[in-house]
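Just below is one structure, and these are the notes that go with it.
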Amino acid sequence: MGIFLTILIVLIIIYFLAGLKIVPQNFVGLIETLGKYSRTVKAGLVFIWPIFQRVRKVSLALQPLEISKYSIITKDNAEITTSLTLNYLVTDAYRYFYNNTDSVESMVQLIRGHLRDIIGRMELNEALGSTSEINAQLSKAIGDLTDVYGIQVVRVNVDELLPSPEIQRAMDKQLTADREKTAAIAKAEGEARNIELTTKAKNDALVATAKANAEAIKTQADADAYRIDKLQEALANASEGYFRNQSLDSFNQLANGNNNLVVMNKEDMTELGKIPAIKKIWDKSK
(Lines give C-alpha, C1' and ligand atoms only; values in the text may rest on other atoms or scores of the structure.)
Protein backbone atom coordinates (compact mmCIF):
# COMPACT_ATOMS: atom_id res chain seq x y z
CA MET A 1 0.00 0.00 0.00
CA GLY A 2 2.84 2.36 0.84
CA ILE A 3 4.49 1.73 -2.53
CA PHE A 4 1.23 2.35 -4.38
CA LEU A 5 0.76 5.66 -2.55
CA THR A 6 4.30 6.65 -3.33
CA ILE A 7 3.81 5.84 -7.00
CA LEU A 8 0.55 7.79 -7.00
CA ILE A 9 2.20 10.81 -5.44
CA VAL A 10 5.04 10.64 -7.98
CA LEU A 11 2.54 10.45 -10.84
CA ILE A 12 0.61 13.40 -9.46
CA ILE A 13 3.81 15.42 -9.24
CA ILE A 14 4.78 14.45 -12.79
CA TYR A 15 1.28 15.30 -14.01
CA PHE A 16 1.42 18.66 -12.25
CA LEU A 17 4.86 19.46 -13.62
CA ALA A 18 3.73 18.44 -17.10
CA GLY A 19 0.95 21.01 -16.79
CA LEU A 20 3.35 23.90 -16.17
CA LYS A 21 3.91 25.81 -19.40
CA ILE A 22 5.88 28.98 -20.14
CA VAL A 23 4.51 31.55 -22.57
CA PRO A 24 7.49 33.63 -23.84
CA GLN A 25 7.67 37.40 -23.83
CA ASN A 26 5.64 39.09 -26.60
CA PHE A 27 3.53 35.96 -27.03
CA VAL A 28 0.04 35.03 -25.88
CA GLY A 29 -1.25 31.56 -25.15
CA LEU A 30 -4.56 30.15 -26.38
CA ILE A 31 -5.77 27.49 -23.94
CA GLU A 32 -7.87 24.71 -25.49
CA THR A 33 -9.84 22.25 -23.38
CA LEU A 34 -10.68 19.03 -25.16
CA GLY A 35 -9.99 20.81 -28.45
CA LYS A 36 -12.17 23.84 -27.68
CA TYR A 37 -10.88 27.36 -26.97
CA SER A 38 -11.34 28.26 -23.33
CA ARG A 39 -9.21 31.31 -22.54
CA THR A 40 -6.23 33.46 -23.52
CA VAL A 41 -3.24 33.81 -21.21
CA LYS A 42 -0.43 36.37 -21.28
CA ALA A 43 3.30 35.73 -21.24
CA GLY A 44 4.66 33.95 -18.15
CA LEU A 45 4.17 30.67 -16.30
CA VAL A 46 0.75 29.09 -16.76
CA PHE A 47 -0.79 25.80 -15.69
CA ILE A 48 -2.93 23.56 -17.86
CA TRP A 49 -4.41 20.18 -17.31
CA PRO A 50 -2.32 17.77 -19.33
CA ILE A 51 -4.20 15.44 -21.68
CA PHE A 52 -7.34 17.56 -21.33
CA GLN A 53 -5.83 20.93 -22.24
CA ARG A 54 -3.17 22.32 -24.53
CA VAL A 55 -1.69 25.78 -25.10
CA ARG A 56 -1.12 27.34 -28.50
CA LYS A 57 1.47 30.12 -28.51
CA VAL A 58 0.94 33.07 -30.86
CA SER A 59 3.63 35.69 -31.42
CA LEU A 60 2.65 39.35 -31.19
CA ALA A 61 6.00 40.58 -32.54
CA LEU A 62 6.34 42.44 -35.81
CA GLN A 63 6.79 39.94 -38.64
CA PRO A 64 8.46 40.60 -42.02
CA LEU A 65 7.01 38.97 -45.10
CA GLU A 66 8.11 38.92 -48.72
CA ILE A 67 5.51 38.28 -51.40
CA SER A 68 7.15 36.58 -54.34
CA LYS A 69 6.98 37.91 -57.89
CA TYR A 70 3.75 37.56 -59.82
CA SER A 71 2.30 39.02 -63.02
CA ILE A 72 -0.26 41.83 -63.35
CA ILE A 73 -1.94 43.15 -66.51
CA THR A 74 -2.19 46.93 -66.87
CA LYS A 75 -5.03 48.93 -68.39
CA ASP A 76 -3.33 48.93 -71.81
CA ASN A 77 -2.84 45.12 -71.65
CA ALA A 78 0.86 45.24 -70.80
CA GLU A 79 2.25 42.53 -68.54
CA ILE A 80 4.40 43.58 -65.61
CA THR A 81 5.96 41.60 -62.80
CA THR A 82 5.85 42.87 -59.24
CA SER A 83 7.11 41.84 -55.81
CA LEU A 84 6.24 43.23 -52.39
CA THR A 85 7.54 43.27 -48.86
CA LEU A 86 5.47 44.04 -45.78
CA ASN A 87 5.53 44.02 -42.00
CA TYR A 88 2.56 42.85 -39.97
CA LEU A 89 1.70 41.94 -36.41
CA VAL A 90 -1.05 39.93 -34.75
CA THR A 91 -3.52 42.11 -32.87
CA ASP A 92 -6.16 39.47 -32.10
CA ALA A 93 -4.73 36.02 -31.43
CA TYR A 94 -8.16 34.33 -31.34
CA ARG A 95 -9.22 35.60 -34.79
CA TYR A 96 -5.74 35.05 -36.19
CA PHE A 97 -5.68 31.40 -35.18
CA TYR A 98 -9.33 30.28 -35.27
CA ASN A 99 -11.14 32.38 -37.87
CA ASN A 100 -8.86 31.33 -40.74
CA THR A 101 -7.01 28.18 -41.54
CA ASP A 102 -4.09 30.37 -42.69
CA SER A 103 -4.53 34.05 -41.89
CA VAL A 104 -1.17 35.03 -43.37
CA GLU A 105 -1.96 33.43 -46.73
CA SER A 106 -5.40 35.01 -46.68
CA MET A 107 -3.79 38.38 -46.04
CA VAL A 108 -1.37 37.84 -48.92
CA GLN A 109 -4.21 36.96 -51.30
CA LEU A 110 -6.10 40.08 -50.23
CA ILE A 111 -3.06 42.29 -50.84
CA ARG A 112 -2.44 40.75 -54.25
CA GLY A 113 -6.07 41.33 -55.21
CA HIS A 114 -5.95 44.99 -54.21
CA LEU A 115 -2.66 45.49 -56.05
CA ARG A 116 -4.08 43.92 -59.23
CA ASP A 117 -7.05 46.24 -59.00
CA ILE A 118 -4.89 49.35 -58.51
CA ILE A 119 -2.41 48.58 -61.29
CA GLY A 120 -5.16 47.28 -63.57
CA ARG A 121 -6.63 50.79 -63.66
CA MET A 122 -3.28 52.29 -64.78
CA GLU A 123 -1.48 52.27 -68.09
CA LEU A 124 2.03 50.87 -68.26
CA ASN A 125 3.98 54.14 -68.21
CA GLU A 126 1.79 55.53 -65.44
CA ALA A 127 2.24 52.42 -63.30
CA LEU A 128 6.03 52.31 -63.75
CA GLY A 129 6.33 55.93 -62.62
CA SER A 130 3.86 55.81 -59.73
CA THR A 131 5.35 53.40 -57.19
CA SER A 132 4.85 55.80 -54.28
CA GLU A 133 1.23 56.42 -55.26
CA ILE A 134 0.61 52.67 -55.60
CA ASN A 135 2.05 52.08 -52.13
CA ALA A 136 -0.23 54.76 -50.67
CA GLN A 137 -3.34 53.36 -52.39
CA LEU A 138 -2.46 49.82 -51.36
CA SER A 139 -1.96 50.77 -47.71
CA LYS A 140 -5.31 52.58 -47.74
CA ALA A 141 -7.08 49.65 -49.41
CA ILE A 142 -5.72 47.10 -46.94
CA GLY A 143 -6.70 49.18 -43.95
CA ASP A 144 -7.06 47.38 -40.64
CA LEU A 145 -7.34 43.63 -41.16
CA THR A 146 -7.98 42.95 -37.47
CA ASP A 147 -11.72 42.39 -37.89
CA VAL A 148 -11.18 39.56 -40.38
CA TYR A 149 -7.74 38.11 -39.78
CA GLY A 150 -6.64 39.59 -36.46
CA ILE A 151 -3.65 41.12 -38.27
CA GLN A 152 -2.49 44.70 -38.69
CA VAL A 153 -0.27 45.52 -41.67
CA VAL A 154 2.20 48.12 -40.43
CA ARG A 155 4.00 48.72 -43.72
CA VAL A 156 3.63 47.49 -47.28
CA ASN A 157 5.97 48.37 -50.11
CA VAL A 158 6.06 47.55 -53.82
CA ASP A 159 9.72 46.72 -54.31
CA GLU A 160 9.76 46.57 -58.10
CA LEU A 161 7.58 46.83 -61.16
CA LEU A 162 9.18 45.20 -64.18
CA PRO A 163 7.69 45.03 -67.67
CA SER A 164 7.93 41.82 -69.64
CA PRO A 165 11.17 41.22 -71.61
CA GLU A 166 9.45 42.04 -74.93
CA ILE A 167 8.11 45.34 -73.60
CA GLN A 168 11.45 46.12 -71.98
CA ARG A 169 13.24 45.70 -75.31
CA ALA A 170 10.70 47.96 -77.02
CA MET A 171 11.11 50.54 -74.27
CA ASP A 172 14.89 50.41 -74.60
CA LYS A 173 14.61 51.04 -78.35
CA GLN A 174 12.22 53.94 -77.74
CA LEU A 175 14.53 55.35 -75.09
CA THR A 176 17.50 55.14 -77.45
CA ALA A 177 15.51 56.87 -80.20
CA ASP A 178 14.41 59.60 -77.79
CA ARG A 179 17.98 60.15 -76.65
CA GLU A 180 19.23 60.38 -80.24
CA LYS A 181 16.43 62.80 -81.07
CA THR A 182 17.24 64.91 -78.03
CA ALA A 183 20.94 64.91 -78.94
CA ALA A 184 20.13 65.96 -82.53
CA ILE A 185 17.89 68.76 -81.32
CA ALA A 186 20.52 69.92 -78.85
CA LYS A 187 23.18 69.89 -81.59
CA ALA A 188 20.93 71.86 -83.97
CA GLU A 189 20.10 74.37 -81.25
CA GLY A 190 23.79 74.71 -80.46
CA GLU A 191 24.68 75.35 -84.08
CA ALA A 192 21.83 77.85 -84.44
CA ARG A 193 22.97 79.58 -81.29
CA ASN A 194 26.54 79.68 -82.58
CA ILE A 195 25.37 81.24 -85.87
CA GLU A 196 23.27 83.73 -83.96
CA LEU A 197 26.18 84.73 -81.74
CA THR A 198 28.57 84.96 -84.72
CA THR A 199 26.12 87.11 -86.67
CA LYS A 200 25.54 89.32 -83.67
CA ALA A 201 29.29 89.71 -83.16
CA LYS A 202 29.74 90.72 -86.80
CA ASN A 203 26.84 93.14 -86.62
CA ASP A 204 28.19 94.60 -83.41
CA ALA A 205 31.60 95.04 -85.08
CA LEU A 206 30.02 96.78 -88.09
CA VAL A 207 28.00 99.05 -85.83
CA ALA A 208 31.08 99.85 -83.76
CA THR A 209 33.09 100.62 -86.93
CA ALA A 210 30.31 102.81 -88.28
CA LYS A 211 30.08 104.66 -84.98
CA ALA A 212 33.86 105.13 -84.95
CA ASN A 213 33.83 106.46 -88.53
CA ALA A 214 30.95 108.77 -87.74
CA GLU A 215 32.76 110.00 -84.66
CA ALA A 216 35.93 110.61 -86.73
CA ILE A 217 33.98 112.53 -89.39
CA LYS A 218 32.27 114.57 -86.72
CA THR A 219 35.60 115.31 -85.07
CA GLN A 220 37.13 116.36 -88.44
CA ALA A 221 34.10 118.51 -89.22
CA ASP A 222 34.33 120.15 -85.82
CA ALA A 223 38.03 120.81 -86.44
CA ASP A 224 37.34 122.30 -89.89
CA ALA A 225 34.55 124.46 -88.55
CA TYR A 226 36.79 125.64 -85.75
CA ARG A 227 39.58 126.46 -88.25
CA ILE A 228 37.18 128.37 -90.52
CA ASP A 229 35.73 130.28 -87.59
CA LYS A 230 39.20 131.28 -86.45
CA LEU A 231 40.19 132.27 -90.03
CA GLN A 232 37.07 134.35 -90.45
CA GLU A 233 37.69 135.94 -87.09
CA ALA A 234 41.29 136.76 -88.10
CA LEU A 235 40.20 138.18 -91.46
CA ALA A 236 37.55 140.27 -89.79
CA ASN A 237 40.17 141.80 -87.53
CA ALA A 238 42.86 142.22 -90.27
CA SER A 239 43.84 145.79 -91.44
CA GLU A 240 43.55 147.14 -95.01
CA GLY A 241 47.30 146.89 -95.45
CA TYR A 242 47.12 143.15 -94.97
CA PHE A 243 44.75 142.75 -97.90
CA ARG A 244 46.90 145.10 -100.08
CA ASN A 245 49.93 143.00 -99.37
CA GLN A 246 47.96 139.86 -100.23
CA SER A 247 46.96 141.43 -103.56
CA LEU A 248 50.56 142.36 -104.35
CA ASP A 249 51.69 138.82 -103.61
CA SER A 250 49.00 137.49 -105.88
CA PHE A 251 50.02 139.77 -108.78
CA ASN A 252 53.65 138.82 -108.29
CA GLN A 253 52.71 135.15 -108.56
CA LEU A 254 50.63 135.94 -111.63
CA ALA A 255 53.53 137.79 -113.24
CA ASN A 256 55.75 134.74 -112.82
CA GLY A 257 53.15 132.45 -114.40
CA ASN A 258 52.19 131.79 -118.04
CA ASN A 259 48.64 133.15 -117.71
CA ASN A 260 48.47 136.93 -118.48
CA LEU A 261 44.67 137.27 -118.15
CA VAL A 262 43.67 139.55 -115.30
CA VAL A 263 40.04 140.26 -114.42
CA MET A 264 39.43 143.32 -112.22
CA ASN A 265 36.67 145.65 -111.25
CA LYS A 266 36.67 148.94 -113.10
CA GLU A 267 37.03 150.77 -109.83
CA ASP A 268 40.39 149.06 -109.33
CA MET A 269 41.76 149.91 -112.74
CA THR A 270 43.00 153.30 -111.53
CA GLU A 271 45.17 151.55 -109.02
CA LEU A 272 47.10 149.41 -111.53
CA GLY A 273 49.90 151.90 -111.77
CA LYS A 274 50.65 151.47 -108.18
CA ILE A 275 51.31 147.76 -108.66
CA PRO A 276 54.94 147.00 -109.74
CA ALA A 277 53.91 143.61 -111.04
CA ILE A 278 51.84 145.15 -113.86
CA LYS A 279 54.96 146.17 -115.73
CA LYS A 280 56.13 142.54 -115.67
CA ILE A 281 52.82 141.31 -116.98
CA TRP A 282 52.87 143.94 -119.77
CA ASP A 283 56.39 143.09 -120.78
CA LYS A 284 55.57 139.36 -120.99
CA SER A 285 52.53 140.06 -123.11
CA LYS A 286 54.57 141.76 -125.82
Side-chain angles (χ1 to χ4, degrees), residues 58-197:
V58 179
S59 174
L60 302 180
L62 191 67
Q63 301 286 337
L65 179 64
E66 181 177 353
I67 300 178
S68 58
K69 295 181 179 180
Y70 64 101
S71 298
I72 299 178
I73 304 300
T74 62
K75 183 179 179 180
D76 50 351
N77 295 322
E79 181 182 357
I80 60 175
T81 302
T82 181
S83 62
L84 300 90
T85 56
L86 59 87
N87 295 97
Y88 72 93
L89 54 82
V90 176
T91 56
D92 190 323
Y94 177 86
R95 290 177 178 176
Y96 171 77
F97 193 81
Y98 295 110
N99 284 4
N100 297 277
T101 56
D102 192 336
S103 292
V104 173
E105 182 62 25
S106 298
M107 175 188 66
V108 170
Q109 293 298 332
L110 179 66
I111 292 174
R112 285 180 173 177
H114 282 303
L115 186 58
R116 284 194 178 96
D117 179 64
I118 293 171
I119 295 179
R121 289 184 274 108
M122 295 181 174
E123 294 186 354
L124 176 62
N125 291 335
E126 181 185 3
L128 295 178
S130 304
T131 305
S132 298
E133 181 181 349
I134 293 173
N135 287 334
Q137 292 186 31
L138 185 59
S139 297
K140 183 178 180 180
I142 294 171
D144 188 359
L145 300 177
T146 302
D147 291 340
V148 181
Y149 306 121
I151 295 174
Q152 179 183 356
V153 178
V154 178
R155 184 188 66 85
V156 60
N157 184 68
V158 178
D159 292 329
E160 60 181 12
L161 290 172
L162 299 176
S164 63
E166 294 78 9
I167 296 177
Q168 185 63 56
R169 284 192 292 269
M171 292 176 65
D172 291 340
K173 291 180 180 178
Q174 181 64 39
L175 181 60
T176 301
D178 290 342
R179 287 177 177 174
E180 291 176 351
K181 179 181 178 180
T182 301
I185 292 174
K187 181 180 179 181
E189 290 178 347
E191 292 175 351
R193 180 60 176 167
N194 183 51
I195 294 173
E196 179 184 352
L197 293 176

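Keep in mind that the numbers below use all heavy atoms, side chains included, and drop hydrogens, waters and symmetry copies. Starting from 1, each residue takes its place in the sequence as its number.
- Partners of A61 by side-chain contact (heavy atoms from CB on, under 4.5 Å), not counting sequence neighbours, listed by chain and number: N26, S59, Q63.
- Residues satisfying the side-chain contact (heavy atoms from CB on, under 4.5 Å) test with I185, not counting sequence neighbours, are K181, E189.
- Annotation: side chain of T74 is not in contact with side chain of M122 (no heavy-atom distance under 4.5 Å).
- Contacts of R116 classified as side-chain hydrogen bond (donor to acceptor under 3.5 Å, both in side chains), with partners at least two apart in sequence or in another chain: none.
- Residues L84 and L138 form a side-chain contact, since some pair of their non-hydrogen atoms from C-beta on lies under 4.5 Å apart.
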Using residues 129-136 as the side-chain source, report each donor-acceptor pair under 3.5 Å to any protein atom, sequence neighbours left out, with the distance given to one decimal.
{"residue": "S130", "atom": "OG", "partner": "E126", "partner atom": "O", "Å": "2.5"}
{"residue": "E133", "atom": "OE2", "partner": "Q137", "partner atom": "NE2", "Å": "3.1"}
{"residue": "N135", "atom": "OD1", "partner": "V158", "partner atom": "N", "Å": "2.7"}
{"residue": "N135", "atom": "ND2", "partner": "T131", "partner atom": "O", "Å": "3.3"}
{"residue": "N135", "atom": "ND2", "partner": "N157", "partner atom": "OD1", "Å": "3.1"}

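- Shown here for I151 and T91, the closest heavy-atom pair between the two residues is N-OG1, 4.0 Å.
- K69 pairs by the salt bridge (charged side-chain N to carboxylate O under 4.0 Å, His left out) definition with E160, not counting sequence neighbours.
- Contacts of E196 classified as salt bridge (charged side-chain N to carboxylate O under 4.0 Å, His left out), with partners at least two apart in sequence or in another chain: R193.
- Taking S71 as the reference, E79 meet the side-chain hydrogen bond (donor to acceptor under 3.5 Å, both in side chains) condition, with sequence neighbours excluded.
- Scanning for salt bridge (charged side-chain N to carboxylate O under 4.0 Å, His left out) contacts around D76 gives an empty result, with sequence neighbours left out.
- Residues I80 and P163 come closest through the heavy atom pair CG2-CA, 3.8 Å.
- Looking at Y70 and T82, their side chains come closer than 4.5 Å, going by heavy atoms from C-beta outward.
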Could you go through residues 97-107 and list every donor-acceptor pair under 3.5 Å that involves a side-chain atom there, pairing it with any protein atom two or more places apart or in another chain?
{"residue": "Y98", "atom": "OH", "partner": "E32", "partner atom": "OE2", "Å": "2.7"}
{"residue": "N100", "atom": "ND2", "partner": "S103", "partner atom": "OG", "Å": "3.4"}
{"residue": "N100", "atom": "ND2", "partner": "V148", "partner atom": "O", "Å": "3.2"}
{"residue": "D102", "atom": "OD1", "partner": "V104", "partner atom": "N", "Å": "3.3"}
{"residue": "D102", "atom": "OD1", "partner": "E105", "partner atom": "N", "Å": "3.1"}
{"residue": "S103", "atom": "OG", "partner": "Y96", "partner atom": "O", "Å": "2.7"}
{"residue": "E105", "atom": "OE2", "partner": "Q109", "partner atom": "NE2", "Å": "2.7"}
{"residue": "S106", "atom": "OG", "partner": "D102", "partner atom": "O", "Å": "3.0"}

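- Listed here is the closest heavy atom pair of V90 and L60: O-CD2, 3.5 Å.
- Distance check, rounded to the nearest 0.5 Å: CG of L161 to CG of L115 gives 7.5 Å.
- The salt bridge (charged side-chain N to carboxylate O under 4.0 Å, His left out) check on E123 picks up nothing, with sequence neighbours excluded.
- Atom CG of L124 and atom NZ of K75 lie 13.5 Å apart (nearest 0.5 Å).
- Of the inter-residue distances, the one linking R155 atom CZ with T85 atom OG1 reads 4.5 Å to the nearest 0.5 angstrom.
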